[in-house]
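Encoded as structure tokens, the structure appears first; notes follow it.
This is a predicted model, so every value here is computed, not measured.
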Amino acid sequence: FRAALAAGLPVTESYAHAYRVHFYEDGGFKAGLDATVYAPNYDLKFKNDTTSYILIQAKPDSRKQTLTFELYGTSDARISQITNHKVWDIKPAPPDLFQDDPTLPAGVTKQVDWKASGAKASFDYIVRRNGEILTEKTFFSNFRPWQAVYLRGPQ
């Protein structure tokens with residue numbers, strides 16, 4: 001999503017995550033600058049409206065548990081800009097949820113989901129080339145508050 005935005009390509013289909021994903025924001029990215037891909041229901045689509053081919057290179061890093069996408073192509077002088085990023089209506093995460101799991105040893109607790117505050121976020125995306133506006137769009141996210149979930153072995 002961010003690679004397509006940075007390249008100035010029109011995003012034709014995107015879906016915000018249902019809740020804030022901590023590793024995006026922990027990595028220095030702002031809330032709302034992410035998109036969900038979850039087969040078969042949610043997809044991310046963008047259009048190559050340039051006159052040249054684009055190479056999409058995926059770089060997995062199993063040590064860091066990351067997947068980075070790089071887009072390569074011939075510049076057509078377009079410039080993309082993200083402005084007016086806002087986060088508002090922040091709601092605290094619900095209390096932690098503990099669920100009994102008989103497959104865990106007695107006294108062992110295992111975290112399987114992490115809490116996230118809810119919020120609304122938006123940003124404006126504009127792409128220009130030689131003063132002409134090619135794309136102008138506002139993206140919105142509505143993140144639900146999410147509770148941490150822990151599994152625990154029998155007491």
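The structure places CG of Leu134 at 9.5 Å from CD1 of Ile126, a figure rounded to the nearest 0.5 Å. We find the OG1-CG distance between Thr138 and Asp124 to be 4.0 Å, quoted to the nearest 0.5 Å. Interatomic distance, NZ of Lys64 versus CG of Leu67, reported as 13.0 Å (0.5 Å rounding). With values rounded to the nearest 0.5 angstrom, Thr135 atom OG1 is found 10.0 Å from Lys47 atom NZ. For the atom pair CG (Asp43) and NZ (Lys45), the distance works out to 5.5 Å, reported to the nearest 0.5 Å. Atom CZ of Arg2 sits about 9.0 Å away from atom OG1 of Thr68, to the nearest 0.5 Å.
Residues Arg78 and Asp49 are paired through a salt bridge, judged by an N-O separation under 4.0 Å between the basic side chain and the carboxylate. Lys59 has no carboxylate O lying under 4.0 Å from a charged side-chain N of Asp61, or vice versa, which leaves the two without a salt bridge.
Counting only heavy atoms from C-beta outward, the side chains of Pro145 and Pro94 approach each other to under 4.5 Å. Looking at heavy atoms from C-beta onward, Phe1 lies in side-chain contact with Ser14 at the 4.5 angstrom threshold. In this structure, the side chains of Lys110 and Tyr150 stay at 4.5 Å or more apart for every pair of heavy atoms. By the 4.5 Å heavy-atom criterion applied to side chains, Leu9 and Thr50 are counted as neighbours. Taking 4.5 Å as the limit, every side-chain heavy atom of Lys115 sits out of range of all side-chain heavy atoms of Gln147. Residues Phe139 and Ser122 form no side-chain contact, since every pair of their non-hydrogen atoms from C-beta on lies 4.5 Å or further apart.
Residue Gln65 places its CD atom among 12 or fewer non-hydrogen atoms of other residues, nucleotides or ligands, all under 6.0 Å distant. Annotation for Lys86: atom NZ does not count as buried by contact number, only 12 or fewer foreign heavy atoms lying within 6.0 Å.
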Worksheet item: Does the side-chain contact (heavy atoms from CB on, under 4.5 Å) test come out yes or no for Arg144 and Arg20, once each step is laid out?
Response: CA-CA 8 Å; Arg144 295 187 316 238; Arg20 294 169 80 170; over 6 Å; no
Worksheet item: Should Asp76 and Arg129 be marked as a salt bridge (charged side-chain N to carboxylate O under 4.0 Å, His left out) after you check the CA-CA gap, both sets of side-chain angles, and the distance that decides it?
Response: CA-CA 8 Å; Asp76 66 356; Arg129 183 177 53 222; 2.8 Å; yes
Practice prompt. Could you walk me through whether Asp101 and Arg152 pass salt bridge (charged side-chain N to carboxylate O under 4.0 Å, His left out), step by step?
Written response: CA-CA 5 Å; Asp101 183 343; Arg152 62 181 172 206; over 6 Å; no
Fill in: Verdict with reasoning, Gln57 to Phe69, per side-chain contact (heavy atoms from CB on, under 4.5 Å)
CA-CA 6 Å; Gln57 185 171 340; Phe69 289 93; over 6 Å; no
Worksheet item: Can you list the steps and then say if Asp34 with His17 is a side-chain contact (heavy atoms from CB on, under 4.5 Å)?
Response: CA-CA 7 Å; Asp34 54 275; His17 284 99; 2.4 Å; yes
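When atom types are taken as modelled, the side chain of Ser117 and the backbone of Pro92 share no donor-acceptor pair closer than 3.5 angstrom. Here the side chain of Ser80 pairs a donor or acceptor atom with the backbone of Ala6 at under 3.5 angstrom.
Residues Phe98 and Trp114 fall into different hydrophobic clusters, defined by Ile, Leu, Val, Met, Phe, Trp and Tyr side chains chained together at heavy-atom separations under 4.5 Å. Placement of Leu33 and Tyr125 within a single hydrophobic cluster is found when ILVMFWY residues are connected by side-chain heavy-atom separations under 4.5 Å, directly or transitively. Side-chain heavy atoms closer than 4.5 Å link hydrophobic residues (I, L, V, M, F, W, Y) into clusters, and following such links, even through other members, never connects Phe140 to Leu5. Note on Val149 and Leu104: same hydrophobic cluster, where clusters join Ile, Leu, Val, Met, Phe, Trp and Tyr whose side-chain heavy atoms are under 4.5 Å apart, directly or indirectly. In the hydrophobic clustering of this structure, Phe123 groups with Leu44; members are Ile, Leu, Val, Met, Phe, Trp, Tyr whose side-chain heavy atoms approach within less than 4.5 Å, directly or through other members.
Across every non-hydrogen atom of Ser141 and Gly32, the tightest pair is OG-CA, 3.6 Å. The two residues Ala148 and Gln111 make their nearest non-hydrogen contact at CB-NE2, 3.8 Å.
Note: Tyr72 and Tyr53 fail the aromatic proximity criterion, with ring centroids not under 6.0 Å apart.
Ring-plane geometry between Tyr19 and Trp146 is classed as parallel, the angle between the planes falling under 30 degrees on a 0 to 90 degree scale with a further cut at 60. Aromatic ring orientation, Tyr15 versus Tyr42: perpendicular (interplanar angle above 60°, classes split at 30° and 60°).
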